Amino acid sequence: MCTIIAEYGTAGIVTPMGDVYSYGILLMETFTRKKPTDDLFVGELTMKKWVSESFSQTILSIVDANLLAREGEDFSEKGSCLSMIMEVALNCTEDSPDERINMRDVVGRLTKIRQRFKGL
């Protein structure tokens, strides 16, 4: 969240790309059941860094286990769905506002994810 504060504080202007960053953090919070203020995130370890590092290894190790626990559902498909959502979250939280995805694209990607995994 420090990036948002620095971004807003530097120019003194609130931008839509700051909202995109916040939305990315909200997605991370929703699917990991963690908050940026949790004790896990100390020093250099931020929520974004934790998700990013886990994304390259196994995203399933950080998502809320309750999302994966239902019987009779395709575990692999759920993992793919959650990976795609977390990828959107990471795209929203790029350090530079110019590198962030815009909200129109966020909505488009999330809609495609929902349509692909509608039966889960």
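Given the structure is predicted, the values throughout are model-derived calculations rather than measurements.
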Give the C-alpha distance, both sets of side-chain angles, the deciding distance and a yes or no for side-chain contact (heavy atoms from CB on, under 4.5 Å) between Arg33 and Asn66. CA-CA 10 Å; Arg33 290 188 80 189; Asn66 294 320; 3.0 Å; yes
Original post:
Short question: side chain of Ser52, backbone of Lys48 - any donor-acceptor pair under 3.5 Å?
Top reply: no
* Apply side-chain contact (heavy atoms from CB on, under 4.5 Å) to Thr37 and Phe41, showing your working. => CA-CA 7 Å; Thr37 57; Phe41 307 116; over 6 Å; no
Check the hydrophobic clustering (I, L, V, M, F, W, Y; side-chain heavy atoms under 4.5 Å; chains of links allowed) and say if Val107 and Leu90 are grouped together.
no
Could you tell me if the side chain of Phe117 sits less than 4.5 Å from the side chain of Met84, heavy atoms only? yes
In terms of heavy-atom contacts, Ile113 and Val88 come closest through CD1-CG2, 4.2 Å
Value for CG (Asp105) from CE (Met103), rounded to nearest 0.5 Å, stands at 10.0 Å
When every non-hydrogen atom of Glu94 is compared with those of Tyr21, the smallest separation belongs to O-CD1, 4.1 Å
Find out whether Gln115 and Thr111 are in side-chain contact, i.e. whether some heavy atom of one side chain is under 4.5 Å from a heavy atom of the other.
yes
Interatomic distance, OG@Ser80 vs CZ@Arg116, rounded to 0.5 Å, equals 6.0 Å
Are the side chains of Asn102 and Val20 in touch, meaning some heavy atoms are under 4.5 Å apart? no
Between Met86 and Phe31, the two heavy atoms sitting closest are SD-CB, 4.2 Å
Can you find a pair of side-chain heavy atoms, one from Pro36 and one from Thr46, that are under 4.5 Å apart?
no
Rounded to the nearest 0.5 angstrom, the CG-CG distance for Asp19 and Leu26 is 11.5 Å
> Taking C-beta and beyond as the side chain, do Val63 and Ile85 meet within less than 4.5 Å on heavy atoms?
Replying inline: no
Kindly indicate, with the supporting measurements, whether the criterion side-chain contact (heavy atoms from CB on, under 4.5 Å) is fulfilled by Met47 and Thr93. CA-CA 10 Å; Met47 176 175 256; Thr93 57; over 6 Å; no
When rounded to the nearest 0.5 Å, the distance separating CD of Glu87 from CD1 of Ile101 is 9.0 Å
One should read off an interatomic distance between Cys92 SG and Arg109 CZ, to the nearest 0.5 angstrom, of 8.5 Å
*Step by step, work out the side-chain contact (heavy atoms from CB on, under 4.5 Å) result for Asp38 and Lys35.*
CA-CA 5 Å; Asp38 286 352; Lys35 295 179 180 163; 3.7 Å; yes
Separation between CD1 (Ile25) and CD (Glu29), nearest 0.5 Å, reads 7.0 Å
request  = Measure the shortest side-chain to side-chain distance between Val51 and Lys34 over non-hydrogen atoms and say whether it is less than 4.5 angstrom.
outcome  = no
Smallest heavy-atom separation, Gly24 atom then Ala89 atom, equals O-CB, 3.6 Å
